Amino acid sequence: MSLVRLTEVLGGSGPRAVGAFNVIMIEHAEALVAAAERAGQPVVLQISENAVKYHGALEPIARATLAAGEAAAVPVVVHLDHATRTDLTEEAIALGFGSVMFDASKLGYDENVAATAAVVAKAHAAGVDVEAELGEVGGKDGVHAPGARTDPDEAAAFVEATGVDALAVAVGSSHAMTERTASLDLELITRLRDRLPVPLVLHGSSGVPDDELVRAVEAGMRKINIGTHLNVVFTRAVRERLGADPDLVDPRKYLTPAREAVADEVTRLITLLAR
Ligand code: G3H
Ligand code: ZN
């Protein structure tokens, strides 16, 4: 049984920072577990509300991901990513997720606090951790907004008022970048780390180059969310395979190299973040 809560892998004896990677299809869950086992490190497998929209339901992809995590030789957190619907957080809790992210970052501060605190109460009663977001990280809806910043005093008050276990903060990254060119506000990360009693989460990490990711971890980031970069790696491998053999029709023939390319890149990233 390898399924654990988020706070268990972010605790004292865990890696310096844990990689949290998005699962769209079962091939991602397989690749991520293989990579974590090769690296000998824990991993977070996260299913976003957008992935749920793609499938039309949470349960099938969730059960496949939970089964992959359960069979793993390393600790695995199955996490709900960017949920704006409270019913989805409740379904994830009932399915056995280790944590849920409730994203009310589009709401005003008071509404965000009230909605997040209600999710925390239900999750904690079931032994599930909660991540929330304050200071919206841009790019979720196609609007690139690397200028957003989280205020440390407001963040401290938010954590106190809601009881969340981890906090996503805006420090210069933006979602859905396909080029790794972002630079982060490292000084703000250090101030947030010193001010907050919970682990910090970096969203939109696909746009952040390796050396800047390492600096962000040194400054205090503990959970590093990467989604789009895996799409770049996966799709490049599919394109290469199909380009090399235009007559190929069996999906297993092009999904195998794509799954392997993701596993290789995630092994490299998990190792980079853990040291
Ligand atoms: O919550 C998921 C992450 O923030 C992924 O963002 O696709 O830009 O790496 P990304
Ligand atoms: Zn995100």
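As the structure is a prediction and not an experimental result, all values here were calculated from the model. Remember, it's 1-based here, ligands and their atoms both numbered in the order they're listed.
Near ligand 1, Asn22, Gln46, Asp81, His82, His175, Ala176, His203, Gly204, Ser205, Ser206, Asn225, Ile226, Gly227, Thr228 each place a heavy atom less than 4.0 angstrom from the ligand.
The 12-atom threshold is not exceeded at CD of Glu160, counting heavy atoms of other residues, nucleotides or ligands nearer than 6.0 Å. Within a 6.0 Å radius of OH in Tyr54, no more than 12 heavy atoms belonging to other residues, nucleotides or ligands are found. Within 6.0 Å of CZ on Arg268 lie more than 12 heavy atoms contributed by other residues, nucleotides or ligands.
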(request) Step by step, work out the side chain to side chain contact (heavy atoms under 4.5 Å, CB included) result for His28 and Thr65. (result) CA-CA 9 Å; His28 293 100; Thr65 303; over 6 Å; no

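A salt bridge does not link Arg85 with Glu49: every distance from a Lys NZ or Arg NE/NH1/NH2 to an Asp or Glu carboxylate oxygen is 4.0 Å or more. The pair Glu212-Arg215 meets the salt-bridge criterion, since a charged nitrogen lies less than 4.0 angstrom from a carboxylate oxygen. Salt bridge annotation for Glu240-Arg236: absent, with no cationic side-chain nitrogen under 4.0 angstrom from a carboxylate oxygen.
For the salt bridge (charged side-chain N to carboxylate O under 4.0 Å, His left out) condition, the pairs that include at least one residue of residues 219-232, sequence neighbours left out, are Glu131-Lys223.
Counting only protein atoms, the N, O or S atoms lying less than 2.8 Å from the Zn ion (ligand 2) are His82 NE2, His175 NE2, His203 ND1, ordered by chain and residue number.
Partners of Glu59 under the side chain to side chain donor-acceptor pair (under 3.5 Å) rule, at least two apart in sequence or in another chain, are Arg63.
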